[in-house]
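Written below as structure tokens is the structure these notes are about.
Counting from 1, the numbers follow the sequence of the chain as shown. Just so you know, ligand 1 is whichever comes first in the structure, and atom 1 is the first atom listed for that ligand.
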Amino acid sequence: MIRISDLVKTFDDTCAADHISLEIPEGILFGLLGTNGAGKTTLLRLTAGILEADSGEILVDGEPAGASEKVFYLPDTPYYFPNATIEQMAGFYGRQYREMDTEGVRYMAESLNLDMRQPIRTFSKGMKRQAFLILALCARTKYLLCDEVFDGLDPIASEVMKNLFRQEMRERKFTAVVASHRLPELEDICDNIAILHKGGVVTAGDMRMKAENIWKFQCVFHDADDRVGLEKELDVVRCHTDVNFVTLIVRGDREEIRTELYKRRPVFVAEVPMSLEEIFIAEMEVKGYDIRKVLH
Ligand SMILES: Nc1ncnc2c1ncn2[C@@H]1O[C@H](COP(=O)(O)OP(=O)(O)OP(=O)(O)O)[C@@H](O)[C@H]1O
């Protein structure tokens with residue numbers, strides 16, 4: 001487990017990590033979401049031990065960050081020697097990571113049509129990302145930290161990369177932390193997501209649990225009096241009224257919410273599915289954040 005406690009990192013006047021506390025359990029894909037400058041890279045670099053915190057602590061399986069060979073950090077623009085090939089980079093990482101699986105690199109590179117002996121500098125951006133993800137996964141560390149690994153990829157390349165993660169998750173218990181500024185890049189592979197904004201954590205948690213406790217209903221009432229008191233009875237996160245047509249986002253037990261709505265003899269009630277983005281928007285509005293500044 002990665003345990004981050006009250007972490008602070010400032011650069012001159014900028015607080016890039018503002019009292020961050022997070023727990024990243026083992027065996028999950030954890031998403032770090034936030035706009036440019038939110039603090040994602042800083043948090044990854046602190047966790048990899050590349051940066052030193054001003055205060056607070058990061059423990060990886062109980063050891064201070066940076067002391068552990070269990071962590072592989074894949075930056076958004078990975079370093080490689082001027083004419084290096086995938087084969088040579090596998091050799092380079094093999095000297096740092098004891099578990100490096102060079103055969104695995106060869107197998108994955110072949111299946112993605114990447115030439116092991118072609119200089120990486122001649123690859124397209126997407127090919128480079130695939131090459132480094134293969135190398136990172138085959139280092140077989142317990143923890144993998146990736147910065148913007150899906151950035152700028154076409155939908156097929158993005159799906160290929162996601163499948164590499166899924167395959168690795170099936171084969172061995174490892175934990176990946178993936179930073180991105182786009183929710184769609186994370187929502188279909190991450191079990192947990194933390195949203196960062198101005199160096200702080202706005203919200204974090206298990207996606208399925210969040211989705212299980214928040215509901216969206218559309219209702220039509222006979223007249224305005226029928227819906228009086230609804231917001232007192234229910235934990236309403238958001239309510240939009242258009243004459244007698246009401247859209248509600250409500251937290252709580254779904255059946256209890258339905259019962260409360262039907263007590264008011266509505267003309268019509270329908271439950272509408274919520275996207276993950278809507279769930280986040282609702283959560284953050286309650287906390288007083290302007291979603292446009294946090295996610296877009
Ligand atoms: N080495 C540094 N020196 C000075 N300021 C820095 C440094 N590294 C990061 N910062 C500042 O810290 C804040 C967080 O930056 P960080 O790179 O962690 O954000 P990010 O969420 O990864 O952004 P992006 O999505 O653009 O990569 C920014 O305001 C940035 O300017």
So CD of Gln88 and CZ of Phe81: to nearest 0.5 Å the spacing works out to 9.0 Å
State which residues pass side-chain hydrogen bond (donor to acceptor under 3.5 Å, both in side chains) with Asp147; sequence neighbours excluded, sorted by chain then number. Thr41
For residues Ser5 and Glu57, is any side-chain donor paired with an opposing acceptor at under 3.5 Å? no
From Glu110 atom CD to Asp115 atom CG, the distance as rounded to the nearest 0.5 Å: 9.5 Å
Pick out the protein N or O atoms lying less than 3.5 Å from any N or O of ligand 1, and list each pair with its distance.
| from | atom 1 | to | atom 2 | distance (Å) |
| --- | --- | --- | --- | --- |
| ligand 1 | 18 (O) | Thr42 | N | 2.9 |
| ligand 1 | 18 (O) | Thr42 | OG1 | 2.5 |
| ligand 1 | 19 (O) | Gly39 | N | 3.2 |
| ligand 1 | 21 (O) | Ala38 | N | 3.1 |
| ligand 1 | 21 (O) | Gly39 | N | 2.9 |
| ligand 1 | 21 (O) | Lys40 | N | 2.9 |
| ligand 1 | 21 (O) | Lys40 | NZ | 2.8 |
| ligand 1 | 22 (O) | Thr41 | N | 2.8 |
| ligand 1 | 22 (O) | Thr41 | OG1 | 2.6 |
| ligand 1 | 23 (O) | Gly37 | N | 2.7 |
| ligand 1 | 25 (O) | Asn36 | ND2 | 3.1 |
| ligand 1 | 25 (O) | Lys40 | NZ | 2.8 |
| ligand 1 | 26 (O) | Asn36 | ND2 | 3.0 |

Please list, chain by chain and in numerical order, all residues satisfying salt bridge (Lys or Arg N to Asp or Glu O under 4.0 Å) with Lys142, sequence neighbours excluded. Glu26, Asp61
Would you list the pairs meeting ring-ring contact (aromatic ring centres under 6.0 Å, His included) in which at least one residue belongs to residues 108-148, sequence neighbours left out? Tyr80-Phe132
